[in-house]
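As the structure lists them, so they are numbered: ligands from 1, and atoms in each ligand from 1. Keep in mind it's a predicted model, so treat the numbers as computed, not measured. Basis for what follows: all heavy atoms, side chains included, without hydrogens, waters or symmetry-related copies.
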Amino acid sequence: MERLAVTFDHTLGDPSMNPGDGPRLVVLSGPSGVGKDSVIEHIRAREPWVWLSVSVTTRPIRDYEVNGLHYHFVDREEFRRLVEAGEFLEWAEFAGNLYGTPRGPVEARLAAGQSALLKIDLQGARQVRQAMPGALLVFLAPPSWEELKRRLIGRGTDDEETIRQRLEHAQEELAAEPEFDVTIVNHTVEQAAAELVGLLSPQATHR
Ligand code: 5GP
């Protein structure tokens, strides 16, 4: 089988566009279906200075996704190669697929004095806490459990077994909220995105 060649973008962007004074690694996590993707997409569209890490995954690409923008899509063999090469800051298995954060681009970004935003699952957030104790861990919470269930089931992109796994995982993740530095309740995408962007600025004190 042909090996997928993955290269990571080390572009650092324009420092003058970052309103902060120094680097900050912000990790956004929370239960599946809480709306992390919508918040991230809102930020991607409206706050071009925010640098988002692009994860590597073995999950099949969804029709609205773009390879290299939403994720780097690879097969398991390539993912294993990247694990063995020490390329990941963290990685985890979620609902049968592998996900990992490429280390190099995040480190380069922080070394250049700029903030970075990761959107990862709970297992990944815990690994980042170990690897980078200065990271700010942000928990995106649903307004209620009923609302979360409605969002998970109404999403329409996954089969029943995947939804069951996601509900189970979501309950586990809700219980982890006290491990996080900050909770943002996702009442609206606009409000949650604004709160998250506020945290990317290093002057913000939340710890
Ligand atoms: P999805 O398949 O719906 O895009 O993502 C499933 C879960 O994997 C989400 O909770 C998402 O935040 C998480 N995820 C995405 N990228 C990474 C990553 O690089 N590392 C870890 N640990 N989780 C990730």
Which of the numbered atoms in ligand 1 are under 4.0 angstrom from any heavy atom belonging to A92?
22 (N)
Going by heavy atoms, is G100 under 4.0 Å from ligand 1?
yes
Subset of ligand 1 atoms that lie under 4.0 Å from at least one heavy atom of K36:
9 (C), 10 (O), 11 (C), 12 (O)
E161, CD: over 12 other non-hydrogen atoms inside 6.0 angstrom
yes
Should you measure from each heavy atom of R59, which atoms of ligand 1 turn up under 4.0 Å away?
1 (P), 2 (O), 4 (O)
Are the charged groups of R80 and E77 less than 4.0 angstrom apart, N to O?
no
Part of E90 with heavy atoms under 4.0 Å of ligand 1, whether side chain, backbone, both or neither:
side chain
Contact region, Q123 to ligand 1, non-hydrogen atoms below 4.0 Å, reads neither
Can the ring centroids of F79 and F73 be said to lie less than 6.0 angstrom from one another?
no
Over all atoms of both residues, closest heavy-atom pair of L28 and L196:
CD2-CD2, 3.9 Å
Distance, nearest 0.5 Å, that separates CD of Q123 from CD of Q127:
7.5 Å
In sequence, state the C-alpha distance, the side-chain angles, and the governing distance for L137 and V182, and then conclude on side-chain contact (heavy atoms from CB on, under 4.5 Å).
CA-CA 7 Å; L137 267 54; V182 184; over 6 Å; no
Which atoms from ligand 1 have a heavy atom of G124 less than 4.0 Å away?
22 (N)
Could you check whether any heavy atom of R62 sits closer than 4.0 Å to an atom of ligand 1, since that is the contact criterion I want to use?
yes
On a heavy-atom basis, I'd like to know which of T57, D121, T101, V27 is closest to atom 22 (N) of ligand 1.
D121
Work out which heavy atom in Y64 is nearest to a heavy atom in H70; give both atom names and the distance.
O-CE1, 3.8 Å
Just to be sure I'm reading this right: ignoring hydrogens, which of F88, F94, Y71 gets closest to atom 7 (C) of ligand 1? Compare them by their nearest heavy atoms.
F94
